[in-house]
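Structure first, commentary second.
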Amino acid sequence: MQPNQELIRTIANRYAANLTLCFPLRRTSLQLARAIHANFITFGFQPRAHILNRLIDVYCKSSELRYARHLFDEIPEPDKIARTTMVSGYCDSGDISLARSVFEETPLSMRDTIMYNAMITGFAHSHDGCSAVNMFREMRREGFRPDNFTFASVLAGLAHVVEEEKECVQFHAAAIKSGAGSITSVMNALVSLYSKCDLLNSARRVFDEITEKDERSWTSMMTGYVKKGFFDSGLELLEHMDEGMKLVAYNALISGYVHRGLHQEALEMVRRMVSNGIELDAFTYPSVIRACATSGLLQVGKQVHAYALRRGDFSFHLDNSLVSLYYKCNKFVEARAIFDQMPAKDLVSWNALLSGYVSSGHIGEAKMLFKEMEEKNILTWMIMISGLADNGFGEEGLRLFSCMRKEGFEPCDFAFSGVIKSCAVLGAYCNGQQFHAQLVKIGFDSSLSAANALITMYAKCGVVEEARRVFITMPCQDSVSWNALIAALGQHGHGAEAVGVYEEMLKEGIKPDRITFLTVLTACSHAGLVDKGREYFDSMETVYCIPPGADHYSRLIDLLCRSGRFSEAESVIKSLPFEPTAQIWEALLSGCRVYGNMELGIIAAEKLFELIPEHDGTYMLLSNMYAATGKWEEAARVRKLMRDRGVKKELACSWIEVETQVHKFLVDDTSHPEAEAVYNYLKELGKEMRRFGYVPDTNFVLHDVESDGHKQDMLITHSEKIAVAFGLMKLPPGRAIRVFKNLRTCGDCHNFFVYLSRVVQRDIVLRDRKRFHHFRNGECSCGNFW
DNA sequence: ATAGGGTTAG
């Protein structure tokens with residue numbers, strides 16, 4: 001039987017009309033729309049235009065843009081409502097270019113103010129203020145009258161680009177002239193606009209004139225004050241508010257405090273709002289949790305998490321910040337669980353997880369995740385590049401940076417600081433210089449993060465003067481800059497100057513932090529300023545309330561051992577407020593090696609065998625010590641122990657940069673295309689050095705080799721010698737040779753370079769795992785502490 | 001069919 005067509009049509013249309021009523025219940029309305037749509041198809045009806053438009057709208061609002069577009073395309077002549085619906089649908093989904101194409105396909109005669117408004121809003125939401133303003137100008141040129149909606153949107157767009165007071169005033173005047181000047185939504189946008197331009201007095205004037213202030217009015221004014229750090233004005237405003245509106249004000253204050261790093265104040269504000277009977281909401285959580293994450297307050301963070309769960313609140317922002325909280329507090333399992341249990345994830349969620357992996361050293365997982373990510377933004381790249389550098393993967397960092405550019409991402413100052421860190425890891429001086437030049441060109445060189453990275457990069461490339469120059473030419477320095485400079489000077493043997501810079505930093509009123517003390521102690525140690533170092537160490541707790549960590553103690557041990565004050569070092573270890581860690585025993589062991597203190601060295605080594613039996617360095621150090629004192633059997637015993645335990649020696653590797661290209665060499669490496677030429681050259685150099693008095697020190701050969709002649713051959717193929725020889729072949733005369741090694745350099749190579757620097761009259765800078773060696777005219781900056 | 005503010009990842 002044929003159904004009664006007229007009846008079905010009527011019912012279908014009535015259902016369709018109901019769509020409007022169902023609207024807030026998105027899922028229901030989407031299901032309903034689908035059912036109605038299916039009915040129309042099944043019975044072959046052509047729905048009426050306004051019903052079709054409703055369907056398109058529901059699909060758009062449910063993020064089913066493809067269905068919406070499909071329906072839209074089937075309409076032979078879409079009216080302006082259908083077009084506007086499509087335009088704003090695309091705008092909401094962030095696809096401004098598709099919105100624009102629908103708009104541009106619309107003949108001028110069919111456009112109206114509403115359609116222009118939709119476009120302007122779209123541009124404003126995508127932070128493209130210029131296009132928003134252009135669209136506004138176009139609509140006026142074409143004779144359309146801007147209304148309240150137009151001004152509210154265009155002013156919001158303007159806030160992203162405007163710099164001058166004049167422009168704000170112009171638009172303000174235009175709004176007043178067209179009668180929109182006293183509309184709350186327009187005035188809210190004006191308050192926000194003036195605030196962003198640092199014109200807080202103008203913002204306040206507009207704010208005071210709003211007769212019917214709503215939540216947005218208060219938020220705009222509060223945010224204006226707080227973003228500029230005027231907390232007093234914000235707090236005063238809080239006093240004069242209706243109780244019902246205070247939540248948004250607290251939220252603004254809290255986020256303002258967090259942004260300035262004032263976590264205590266932020267948490268205090270949370271306590272205050274709770275004690276006034278105001279409950280936290282979805283906008284409060286992320287700021288509070290961030291405050292907890294950056295100050296390591298896991299317990300408070302957990303409480304907030306529990307609070308949100310109790311209230312059944314959910315948002316991307318909340319979960320994303322929780323992922324970050326748990327990672328920062330080293331709760332990897334919890335962090336991952338939050339991520340996995342998220343019903344939906346956005347780009348920020350992925351970035352949060354990526355950053356968690358990277359900062360906890362899970363670089364393998366990070367790389368996999370990065371590959372897996374379909375959508376990336378500049379921050380994704382930045383996290384990965386800087387993470388690779390932090391984990392020692394300099395080459396990959398450099399490679400990824402150029403990938404990023406190929407994919408059309410313009411690096412920001414933070415991305416530059418990531419790639420510059422990669423150069424620092426690699427010692428890629430020429431590459432680093434090029435990035436520096438690019439920074440200058442685009443005017444980012446005064447950015448704190450970029451400049452701080454440059455200081456470290458130049459230092460790690462062994463060019464202290466450049467590091468110093470970057471520091472001096474910065475418009476302003478923060479504690480990171482000071483730390484970087486002190487480290488730079490300390491690493492290169494300018495210990496006294498480093499200490500001077502530290503004193504200057506204190507005079508400037510910059511508070512030293514944990515890192516500052518690490519760098520200062522290192523500097524003292526290199527310069528032999530033992531008593532000064534002790535004094536600084538003691539001041540940490542007594543003056544600056546920073547309890548020294550294991551890393552600080554290990555610097556102190558190093559400092560004492562280097563001047564042979566072993567009994568003092570021993571008593572420090574005995575009085576530690578915690579169990580001595582591996583790095584403390586390591587500091588003691590390497591100190592003992594320098595002085596040949598076998599007795600204490602063996603104790604340290606035994607402890608290390610217990611704590612980190614898989615670490616190859618201990619075996620090497622101890623067997624080196626035995627070998628150096630001619631106890632070959634003992635040396636062999638240690639290496640047998642190492643073999644028995646299955647500990648693999650990390651492969652020694654050196655590298656050198658020639659014309660932005662990094663060349664890598666391993667021990668006895670013949671894989672380099674020019675290996676043969678380098679080996680021959682190195683042999684010649686060896687002979688020549690011997691004529692000048694260099695004697696190969698076979699104590700550093702740890703293989704059991706019978707003849708001395710054979711042993712000498714083995715010494716000559718150490719990777720750092722190959723790299724230096726390669727540099728001598730390739731680099732123009734007079735240019736310093738900068739070579740890097742992943743392990744510590746051996747005493748024989750050290751001695752060889754001392755001779756070499758005098759005979760060939762070249763500066764040689766060698767950076768090994770532990771420190772820098774500047775060889776010049778037969779001397780090394782580190783004395784005998786190789 | 002269109003509007004205004006505030007939150008998360010470095």
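The figures here come from the full heavy-atom set of this structure, side chains too, leaving out hydrogens, waters and symmetry mates. Letters A, B, ... are given to chains in the order of the sequence lines, protein chains preceding strands, and every chain is numbered from 1.
Using a 4.0 Å cut-off between a side-chain N of Lys or Arg and a carboxylate O of Asp or Glu, R216(A) and D214(A) do not qualify as a salt bridge. With respect to E138(A) and R111(A), a salt bridge is recorded, a charged nitrogen being found less than 4.0 Å from a carboxylate O.
Between K196(A) and dG6(B) there is a side-chain N or O to OP1 or OP2 distance below 4.0 Å. A sub-4.0 Å separation between OP1 or OP2 of dG4(B) and a side-chain N or O of H125(A) is present. Between K328(A) and the phosphate of dT8(B), there is no side-chain N or O to OP1/OP2 separation shorter than 4.0 Å. Here K376(A) does not reach the OP1 or OP2 of dA9(B): none of its side-chain N or O atoms lies under 4.0 Å away. At the phosphate of dA9(B), OP1 or OP2 sits under 4.0 Å from a side-chain N or O atom of R290(A). An OP1 or OP2 oxygen of dA1(B) is reached within less than 4.0 angstrom by a side-chain nitrogen or oxygen of R54(A). Put simply, S355(A) has a side-chain N or O that comes within less than 4.0 Å of OP1 or OP2 on dG10(B).
Residues Y67(A) and H37(A) bring no donor and acceptor atom of their side chains to less than 3.5 Å of each other.
Below the 3.5 angstrom threshold, one finds a donor paired with an acceptor across the side chain of T219(A) and the base of dG5(B). Between the base of dA1(B) and the side chain of T84(A) there is a donor-acceptor pair shorter than 3.5 Å. Residue side chain N351(A) does not reach the base of dG10(B) through any donor-acceptor N/O pair under 3.5 Å, judged by distance alone. Judged by distance alone, with hydrogens and angles left aside, T85(A) brings no side-chain donor or acceptor close enough to the base of dA1(B) to form a pair under 3.5 Å. Contact of N188(A) with dA3(B) (side chain to base): no donor-acceptor pair of N or O atoms is detected under 3.5 Å.
Atom-to-atom, CG of L318(A) to C1' of dT7(B) comes out at 10 Å; the value is rounded to the nearest Å. dG6(B) atom P lies 15 Å from atom CG of L247(A), rounded to whole Å. If you take CG of N320(A) and C1' of dG10(B), they are 14 Å apart, rounded to a whole angstrom. Atom C1' of nucleotide dA9(B) and atom OH of Y327(A) are separated by 13 Å, given to the nearest angstrom. M222(A) places its CE atom 14 Å from the P atom of dG6(B), with the value rounded to the nearest Å.
Contact annotation for D214(A): base contact, defined as any heavy-atom pair under 4.0 Å involving a base atom. As judged by a 4.0 angstrom heavy-atom cut-off over every strand, K227(A) is placed among residues touching the sugar-phosphate backbone only. Heavy atoms of A156(A) sit under 4.0 angstrom from primed sugar atoms or phosphate atoms, though from no base atom. Using a 4.0 Å heavy-atom distance criterion, N53(A) is classed as making no nucleic acid contact. Within the nucleic acid shown, T184(A) comes within 4.0 Å of at least one base atom, counting heavy atoms only. In this structure, N377(A) reaches the bases: a heavy-atom distance under 4.0 Å links it to at least one base atom across the strands shown. Heavy atoms of A282(A) sit under 4.0 angstrom from at least one base atom.
The cationic atom of K367(A) (NZ for Lys, CZ for Arg) does not lie both less than 6.0 Å from the six-membered ring centre of Y357(A) and within 45° of the ring axis.
In this structure, M273(A) and I254(A) have side chains that are in contact, with non-hydrogen atoms separated by less than 4.5 Å.
Atom CD1 of residue I455(A) and atom CD1 of residue I420(A) lie 11.0 Å apart, to the nearest 0.5 angstrom.
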